[in-house]
Amino acid sequence: SADEAEERARVTEAAQALGTAVQLEMERRCTGAVFGELVRLFAADEDKLEDEVRRSWSTVAPMSIKTSDKVKKVIVHVLKWWEREASASVRGSDVNLPQALVDQLIREVTTSRQLLPVIGQAIYPYFSRSNVDCALISRVLLVKLSDGLVNVGKSPARATPKAPIRLSYSESAGGAKGGPGDLVDWTDMDFEAEEGSPMKGVEIIFAGRRTFSTWREGLAEFYLKNRGQGLRVTAEDVRGQRMLAVLRGVESAAQS
């Protein structure tokens, strides 16, 4: 329907806008650390997380309900708390990213129907023991939620590289017959640019580049799957196709 097409386009726009914002901030600062900082700010403080798990468990433990229902109550409480904490951490940081888009990312991860089964199955066995180890449960939660943020895209198939191995983020020194730097265009320098201004067309090289690219490409699909939708737009969804075309044009212009 038209409403569904508009919803897909709106969600896709938000995901693409966040990916573009992270990319532009990396280009502005000439470092891939921006993505790492976003992940670090999302991750909850382990001590505070343990206190929150223990507080929630002390409340639900005396209840005469199934253990699985108790665990669900703990998960809901902790994830609501996590969303507030992560949002406040980003807001109080120096990361120059749109707060509304980051808040949506945090909300998508902490309330994801795709991640809830992973979290529940991971921590449920520890609540079935006579002594509940809240410290261990908090560490499991920390790992699962952090992984959920980073691994939103489809992981590419692992391949065994052929020798000689060259790092994917390294730069070739020169041509087959030339010396080091022969393939570099040394005339491509801007003497009019102000000190500290973003470099246009620069490629940010860092060890996590592959992970970031997968994350950025899979973010819209992750958002839509949380709503039980797919990224595919059918031929009948004319309005959705037009909106996506406009969004792609805006993103391309931002990257140029």
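Only this structure's heavy atoms are used, side chains among them; waters, hydrogens and symmetry mates stay out. Computed from a prediction, not measured in an experiment: that's the story for all the values here.
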Rounded to the nearest 0.5 angstrom, the CZ-CD distance for F35 and Q23 is 11.5 Å
Could you tell me whether the side chain of V78 reaches within less than 4.5 Å of the side chain of L141, counting heavy atoms only? yes
Sub-4.5 Å side-chain heavy-atom contact between L105 and L219: yes
Given 3.5 Å as the limit, does a donor-acceptor pair link the side chain of S138 with the main chain of A135, or not? yes
Beyond-backbone contact of V60 with I65, side-chain heavy atoms, under 4.5 angstrom: no
Counting distance only, does the side-chain N/O of W82 pair as donor-acceptor with the main-chain N or O of F42 below 3.5 Å? yes
Run the salt-bridge test on E37 and R40 with the 4.0 Å N-O cut-off and return the result as yes or no. no
Looking only at the side chains, is there a donor atom on one of T20 and R216 sitting less than 3.5 Å from an acceptor on the other? yes
Indicate yes or no: does R10 engage E7 in a salt bridge with an N to O separation below 4.0 Å. yes
With a 4.0 Å cut-off on N to O distance, would you call R227 and E4 a salt bridge? no
Between R91 and S87, does the side chain to side chain donor-acceptor pair (under 3.5 Å) criterion hold? Intermediate values first, please. CA-CA 6 Å; R91 188 175 292 107; S87 178; 3.2 Å; yes
Does any part of the side chain of L136, heavy atoms only, come nearer than 4.5 Å to the side chain of Y126, both counted from C-beta? yes
From E46 atom CD to L142 atom CG, the distance as rounded to the nearest 0.5 Å: 6.0 Å
Mark yes or no for whether K225, through its side chain, and Q114, through its backbone, hold a donor-acceptor pair below 3.5 Å. no
Hphob cluster co-occupancy, V39 + L145, side-chain heavy atoms under 4.5 angstrom: yes
If you measure from the Lys or Arg side-chain nitrogens to the Asp or Glu carboxylate oxygens, is any gap between K80 and E83 under 4.0 Å? no
Are the charged groups of R54 and E50 less than 4.0 angstrom apart, N to O? yes
F127 atom CZ, over 12 foreign heavy atoms within 6.0 Å: yes
Given 3.5 Å as the limit, does a donor-acceptor pair link the side chain of S112 with the main chain of V109, or not? no
Roughly how far, to the nearest 0.5 Å, is the OG1 atom of T110 from the CZ atom of R84? 10.5 Å
Ignoring hydrogens, what is the shortest heavy-atom contact between R129 and V132? Give both atom names and the distance. O-CG2, 4.1 Å
How about L38 and V102: do any of their side-chain heavy atoms sit closer than 4.5 Å? yes
For I119, is there any backbone N or O sitting under 3.5 Å from a side-chain donor or acceptor partner on K144? no
